[in-house]
Peer 1: 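Shown below is the structure under consideration.
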Amino acid sequence: MASQFYVADKIKAGVITFEGSEYHHLARVLRHQVGDKVRLFDGTGKLADAEITFISRTAASLKVDKPYMAPPEKGLNLTVAVALPRLQRAGWLIEKCVELGVTKFVPLATEHVVVHPRESKLDNLRELIIQACKQCGRARLMEITEVTPWKEFVANEFSKQPVAVAHPGGMPFNESLISSLLASGKGTDGSKATASGLVIAIGPEGGFSVEEVTKAMTNGATLVSLGGNILRVETAAVVMSSIVLGSQLGK
């Protein structure tokens with residue numbers, strides 16, 4: 001697959017100039033040359049093939065073909081809600097979620113959370129999403145929301161799709177349970193239907209409080225366990241995402 005580069009503006013046929021970070025990645029990191037073919041994406045699913053026509057010490061020009069839409073992403077819409085770990089570990093988690101195919105990422109504010117990310121940190125994570133999409137060839141950016149208090153998250157998300165909350169003593173989180181959760185969905189008219197999405201929620205290192213767990217359960221969440229070992233936040237999130245999205249392969 002051709003190297004992929006991000007274009008924040010609307011992609012259209014013609015000539016485009018790369019400067020700054022995209023130029024550096026194209027010319028200095030990947031060492032592309034005039035005549036090389038690359039692929040552009042805007043994060044919404046729109047793609048375009050392009051040919052490098054000129055490279056200087058500070059910029060590169062590309063001839064862009066007619067844009068087209070990438071096929072819809074297959075499988076389940078997965079929302080991962082996490083009380084963020086510290087910066088380096090949070091960045092690693094974001095990259096893995098993008099690579100795995102997570103649809104939406106929600107940083108949680110919970111009672112025991114110790115990391116309170118500022119907007120600048122969220123901006124860093126958004127940039128990591130772009131970089132991860134470039135690396136893995138994904139055409140659509142994973143959505144990342146603002147930091148959301150647990151109470152607000154429960155009120156807004158729990159009625160829309162099944163929710164699995166990681167908590168000691170919960171049910172084993174496996175493909176059989178995922179199938180059961182998806183089968184418990186509801187149609188827009190309230191009738192029973194297979195859910196098209198799933199939410200997984202992981203608390204901070206201190207876990208969810210008793211009150212938070214109670215609120216989750218009274219709003220229909222299923223408590224799930226990943227085994228006897230205590231996992232870091234980012235490990236639990238990646239393991240759960242892998243189990244969910246791996247269960248959908250071939251469907």
Side-chain angles (χ1 to χ4, degrees), residues 43 72-108 110 113 115 117 122 125-126 128-145 147-148 150 153-154 157-158 160-168 170-185 194-205 207-208 216 221-227 229-251:
E73 293 186 334
K74 295 181 179 179
L76 198 65
N77 291 322
L78 177 60
T79 296
V80 175
V82 178
L84 283 177
R86 299 193 183 278
L87 182 59
Q88 185 175 2
R89 290 160 51 198
W92 181 88
L93 171 57
I94 287 290
E95 290 176 347
K96 301 312 152 190
C97 285
V98 171
E99 292 172 22
L100 288 169
V102 171
T103 308
K104 181 178 178 181
F105 189 93
V106 182
L108 290 174
T110 67
V113 72
V115 177
L122 293 178
L125 296 180
R126 293 183 184 104
L128 284 176
I129 291 172
I130 294 172
Q131 299 305 320
C133 282
K134 290 166 62 176
Q135 182 275 322
C136 71
R138 194 170 172 183
R140 293 170 175 83
L141 296 179
M142 180 181 72
E143 178 186 355
I144 183 170
T145 71
V147 177
T148 306
W150 180 247
F153 181 71
V154 171
E157 297 292 336
F158 278 42
K160 298 178 182 178
Q161 51 201 336
V163 181
V165 176
H167 190 70
M171 301 176 66
F173 192 65
N174 52 34
E175 186 171 343
S176 176
L177 178 60
I178 292 166
S179 297
S180 176
L181 290 173
L182 295 177
S184 68
T194 300
S196 61
L198 181 69
V199 176
I200 58 175
I202 299 97
E205 292 184 5
F208 290 111
T222 300
L223 301 186
V224 300
S225 170
L226 298 175
N229 293 341
I230 298 174
L231 305 181
R232 286 188 180 273
V233 171
E234 65 273 22
T235 306
V238 168
V239 168
M240 292 182 73
S241 298
S242 300
I243 293 171
V244 172
L245 296 170
S247 73
Q248 302 302 300
L249 293 177
K251 294 185 178 181

Peer 1: Nearest 0.5 angstrom please: Leu78 CG to Met240 CE, how far?
Peer 2: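 If we round to the nearest 0.5 Å, Leu78:CG and Met240:CE are 9.0 Å apart.
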
Peer 1: Phe173 and Ala164: which non-hydrogen atoms are nearest, and at how many Å?
Peer 2: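 Where Phe173 meets Ala164 most closely, the heavy atoms are CE1-CB, 3.9 Å.
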
Peer 1: Can you give me the closest heavy-atom contact between Val113 and Ala83, atom names plus distance?
Peer 2: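 The answer is CG2-CB, 4.0 Å.
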
Peer 1: Hey, could you give me the CD1/CG distance between Ile94 and Leu84, rounded to the nearest 0.5 Å?
Peer 2: 7.0 Å

Peer 1: Mind listing the closest non-hydrogen atom pair of Phe208 and Ala201 along with its distance?
Peer 2: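 Heavy atoms of Phe208 and Ala201 come nearest at CE1-O, 4.1 Å.
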
Peer 1: Please collect all salt bridge (charged side-chain N to carboxylate O under 4.0 Å, His left out) contacts where either partner lies in residues 235-245, sequence neighbours excluded, each pair once.
Peer 2: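 Pairs touching residues 235-245 that pass the test: none.
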
Peer 1: Before you tell me yes or no, could you show the steps for Val199 and Phe153 under side chain to side chain contact (heavy atoms under 4.5 Å, CB included), namely the whole-Å CA-CA distance, both residues' side-chain angles and the distance that decides it to 0.1 Å?
Peer 2: CA-CA 11 Å; Val199 176; Phe153 181 71; 3.6 Å; yes

Peer 1: How would you list all residue pairs meeting side-chain hydrogen bond (donor to acceptor under 3.5 Å, both in side chains) that involve residues 234-244, not counting sequence neighbours?
Peer 2: Arg89-Glu234

Peer 1: The criterion is side chain to side chain donor-acceptor pair (under 3.5 Å); which residues satisfy it with Glu157, sequence neighbours excluded?
Peer 2: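 For Glu157 the side chain to side chain donor-acceptor pair (under 3.5 Å) partners, ignoring immediate neighbours, are Lys104.
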
Peer 1: Hey, are the side chains of Arg232 and Pro85 touching, using non-hydrogen atoms and a 4.5 Å cut-off?
Peer 2: no

Peer 1: About how many Å separate CG of Leu128 and CG of Leu122, when rounded to the nearest 0.5 Å?
Peer 2: 11.5 Å

Peer 1: Give me the atom names and distance for the closest heavy-atom approach of Ile129 to Leu141.
Peer 2: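 The pair with the smallest heavy-atom distance is CG2-CD2, 4.0 Å.
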
Peer 1: Please give me the minimum heavy-atom distance between Leu245 and Leu76, naming the atom from each residue.
Peer 2: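 Nearest pair, atom of Leu245 first, then Leu76: CD2-O, 4.2 Å.
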
Peer 1: Can you tell me if Thr103 uses its side chain to pair, donor with acceptor, with the backbone of Thr79 under 3.5 Å?
Peer 2: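 Flag not set: sc Thr103 to bb Thr79 has no pair under 3.5 Å.
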
Peer 1: Can you list the residues that meet the side chain to side chain donor-acceptor pair (under 3.5 Å) rule with Glu73, with sequence neighbours excluded?
Peer 2: Arg138

Peer 1: State the CD1-CG distance between Ile202 and Leu231, to the nearest 0.5 angstrom.
Peer 2: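 Here the rounded value is 10.0 Å.
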
Peer 1: Please round to the nearest 0.5 Å and tell me the distance separating atom CG of Leu226 and atom CG of Asn174.
Peer 2: 10.5 Å

Peer 1: Mind checking what makes salt bridge (charged side-chain N to carboxylate O under 4.0 Å, His left out) contact with Glu143, not counting sequence neighbours?
Peer 2: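 With neighbours one apart ignored, the set is empty.
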
Peer 1: Where do Phe105 and Val98 land on the side chain to side chain contact (heavy atoms under 4.5 Å, CB included) test, with the steps shown first?
Peer 2: CA-CA 9 Å; Phe105 189 93; Val98 171; over 6 Å; no

Peer 1: Between Leu198 and Pro162, which heavy-atom pair has the shortest distance, and what is it?
Peer 2: CD1-O, 3.4 Å

Peer 1: State which residues pass side chain to side chain donor-acceptor pair (under 3.5 Å) with Arg140; sequence neighbours excluded, sorted by chain then number.
Peer 2: none

Peer 1: Hey, could you give me the SG/CD distance between Cys136 and Glu95, rounded to the nearest 0.5 Å?
Peer 2: 10.0 Å

